[in-house]
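Some notes on the structure that comes next.
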Amino acid sequence: MQHWSQAKITAFQDALLTWYDQEKRDLPWRQDHEPYHIWVSEIMLQQTQVQTVIPYYQRFMTTFPTVTALAAAPEDKLLRAWAGLGYYSRVRNMQKAAQQVVEDYQGVWPQTAAELEKLAGIGPYTAGAIASIAFNQSIPAIDGNAFRVFARLFEIDADIAKPQTRQIFYDVIEEVIATERPGDFNQAIMDLGSSYMTAKNPDSAHSPVRDFNQAYLDGKELDYPVKSKKPRPIAMDYFALVIKTPTGYLFEQRPSNGMLAELWTVPLIKWSELAEKPSELLLPDLVKLATNQFLTNTQIQLAPMLLGGRPVTHTFTHQKWLITLLYAELAQKPDLSYFPGRVVAPTDFIELAQPKVQLKIWQRYQQLGGH
DNA sequence: CACGCGTGGAA
DNA sequence: TTTCCAAGCGT
């Protein structure tokens, strides 16, 4: 790996920051440098694209205008504000961190990356981002963009999927970061990574730092960054039970650990966890078997129906769910003593924090004539 | 350290 | 359709 002279470093900073001053995106969280605003945006932006985050950020700020409001929020309101964004532990950690700020720091944010990293949900990237953007601390903020940009600028071939690689990049960035404007420097690198120096179709020929991009100059841009691949999602079969009662539909809250923790869905039965596995030719039996897991003394009034020939599919990072919809209608309100959920009228669905997969299930149900 | 954890967009 | 990627963190 090459080593830049001080003159080259200065020229790079000038080119980058001049471009950033002219072309930086006007984003809702760039209106000011309030640590609360920077923090919320950074958590939302973890593994999530800018255009997805914008409406969530705006609603979140209306709902929870201050760190104090967030610290005191009831869990259902909290989850509703996050529903659909994914990686739901982020919002639970966020409330823990808000409570830490209010209780341990009397509502005044710590200003160093080391202190910020002690807060729940704040790791090395987010700590660097907040410290540099909100508090003007000269410290790297290394996200996927920064890995890609600097891997190309310096032709660094260390595998960015390996945790120990971070130190290599940290040392490089520490040398070239603009110490007078660290927050703008870090954000400029991220803007660069999402515009000219993208992963797939980069346009480095027109990049403001074209002449500093060694991989581009060598015609090897797409060789960087080096990143080991992850295994593909494992297919899993589920049944979704759409159960209509006189006053609404059955919903259950998922366990507090694991996938989609504490979010609301119609009852989902994992095929691999069914004690008995009836033949697909006996679907009425299957519905009865599944419902009997949690509904006692219940008459299923109408013949259960299989809904939808092809399953609803939803792909997560590690799992691909293939969900077959089953429908049943109950003549009476069921006994919910052993059922971790509630009967919800369609007009009250908005009160539930529902993941995207549940919205897909409901969409399919409606397409098939449900209401 | 390797893995679990959501979702949407691009090609 | 499949694959990969996107402002990561906790365990």
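Each chain gets a letter, A, B and so on, in the order its sequence line appears, and its residues count up from 1.
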Check this for me, if you would: do Asp191(A) and Arg25(A) make a salt bridge, where the nitrogen-to-carboxylate-oxygen distance has to be below 4.0 angstrom? yes
The residue among Phe169(A), Trp4(A), Phe147(A) that forms ring-ring contact (aromatic ring centres under 6.0 Å, His included) with Phe154(A) is Trp4(A)
Can you check whether Gln164(A) has a side-chain N or O nearer than 4.0 Å to OP1 or OP2 of dC1(B)? yes
Under 3.5 Å, is there a donor-acceptor pair between the side chain of Gln99(A) and the main chain of Ala71(A)? yes
Whole-Å gap separating P (dC5(C)) and CG (Asp143(A)): 15 Å
For Lys162(A) and dC9(C), give me the distance from atom NZ to atom P, rounded to whole Å. 19 Å
Please say whether the positively charged group of Arg90(A), taken as NZ for Lys or CZ for Arg, lies over the ring of Tyr88(A), i.e. under 6.0 angstrom from the six-membered ring centre and within 45 degrees of the axis. no
By the 4.0 Å heavy-atom rule, please label Arg92(A) as base, sugar-phosphate, or nothing. nothing
Would you say His318(A) places a side-chain N or O within less than 4.0 Å of OP1 or OP2 belonging to dC5(B)? no
When rounded to whole Å, the CZ to P distance for the pair Phe147(A) and dC5(C) reads 14 Å
Taking atom P in both dT11(C) and dG6(B), what distance in whole Å separates the two? 14 Å
Following the transitive rule for hydrophobic clusters with a side-chain heavy-atom cut-off under 4.5 Å over Ile, Leu, Val, Met, Phe, Trp and Tyr, establish whether Tyr125(A) and Leu116(A) coincide in one cluster. no
Which part of the nucleic acid does Asn186(A) contact within heavy-atom distance under 4.0 Å: base, sugar-phosphate only, or nothing? nothing
Select base, sugar-phosphate, or nothing to describe what Gly193(A) touches, counting heavy atoms under 4.0 Å on all strands. nothing
So what is the 5' to 3' dot-bracket string for DNA chain B, if pairs are Watson-Crick or G-U wobble with both distances under 3.5 Å, crossing pairs use [ ] and | means the partner sits on another strand? .||||.|||||
Heavy atoms under 4.0 Å, any strand shown: does Trp321(A) hit a base, just sugar-phosphate, or nothing? nothing
Whole-Å distance between dT7(B) P and Tyr56(A) OH? 8 Å
Contact class for Val50(A) (heavy atom, under 4.0 Å): base, sugar-phosphate, or nothing? base
Hey, can you tell me if Tyr36(A) and Trp39(A) have their rings parallel, tilted or perpendicular (30° and 60° cut-offs)? tilted
Round to the nearest Å and state the distance from Leu85(A) atom CG to dA6(C) atom P. 18 Å
Which nucleotide in dG8(C), dT2(C), dA2(B) has an atom nearest any side-chain atom of Lys230(A): dG8(C)
Would you please confirm or rule out a distance under 4.0 Å between OP1 or OP2 of dG4(B) and any side-chain N or O of Tyr87(A)? no
Ion pair check, Arg30(A) and Asp26(A), cut-off under 4.0 Å: no
Do Arg80(A) and Glu75(A) sit within salt-bridge range, that is, some charged N less than 4.0 Å from a carboxylate O? no
Just to be sure I understand the rule, does Ile38(A) reach a base, reach only the sugar-phosphate, or reach nothing, if contact means heavy atoms closer than 4.0 Å? nothing
Does Asp159(A) offer a backbone N or O that forms a donor-acceptor pair with the side chain of Thr165(A) under 3.5 Å? yes
Pair Arg181(A) + Asp184(A): basic N to acidic O under 4.0 Å: yes
Donor-acceptor pair under 3.5 Å, Thr317(A) side chain vs dG6(B) base: yes
With a cut-off of less than 4.0 Å, is there a side-chain N or O of Gln46(A) near OP1 or OP2 of dG6(B)? no
Taking CG from Leu45(A) and P from dC9(C), how many angstroms apart are they, rounded to a whole number? 12 Å
For Arg30(A), answer base if it contacts any base atom (sugar-phosphate contacts may also be present), sugar-phosphate if it contacts only those atoms, and nothing otherwise; contact means non-hydrogen atoms under 4.0 Å. base
Mind checking if Ala129(A) touches a base, just sugar-phosphate, or nothing, with heavy atoms under 4.0 Å? nothing
When rounded to whole Å, the NZ to P distance for the pair Lys96(A) and dC9(C) reads 15 Å
Could you measure between the two P atoms, the one in dA6(C) and the one in dC5(B), and give it in whole Å? 22 Å
Between Thr126(A) and dC9(C), does any side-chain N or O lie under 4.0 Å from OP1 or OP2? yes
Show each protein N/O and nucleotides 8-11 of chain B N/O combination with a separation under 3.5 Å, one pair to a line.
residue	atom	partner	partner atom	Å
dG8(B)	OP1	Lys356(A)	NZ	3.2
dA11(B)	OP1	Asn201(A)	ND2	3.3

Residue closer to the 5' end of DNA chain C, Leu119(A) versus Met190(A) (nearest nucleotide): Met190(A)
At under 4.0 Å between heavy atoms, what does Leu260(A) touch on the DNA or RNA strands: base, sugar-phosphate, or nothing? sugar-phosphate
Looking for any heavy atom pair under 4.0 Å, which part of the strands does Glu117(A) touch: base, sugar-phosphate only, or nothing? nothing
Does NZ or CZ of Arg342(A) lie under 6.0 Å from the centre of the six-membered ring of Trp264(A), at an angle within 45° of the ring axis? yes
May I have the distance from Asn93(A) (atom CG) to dG4(B) (atom C1'), rounded to whole angstrom? 14 Å
How are the rings of Phe239(A) and Trp271(A) set relative to one another: parallel (under 30°), tilted (30 to 60°) or perpendicular (over 60°)? perpendicular
Classify Ala120(A) by what it touches in the nucleic acid, base, sugar-phosphate, or nothing, heavy-atom distance under 4.0 Å. sugar-phosphate
Proximal nucleotide (of dC9(C), dT2(C), dC5(B)) relative to the Arg232(A) side chain: dT2(C)
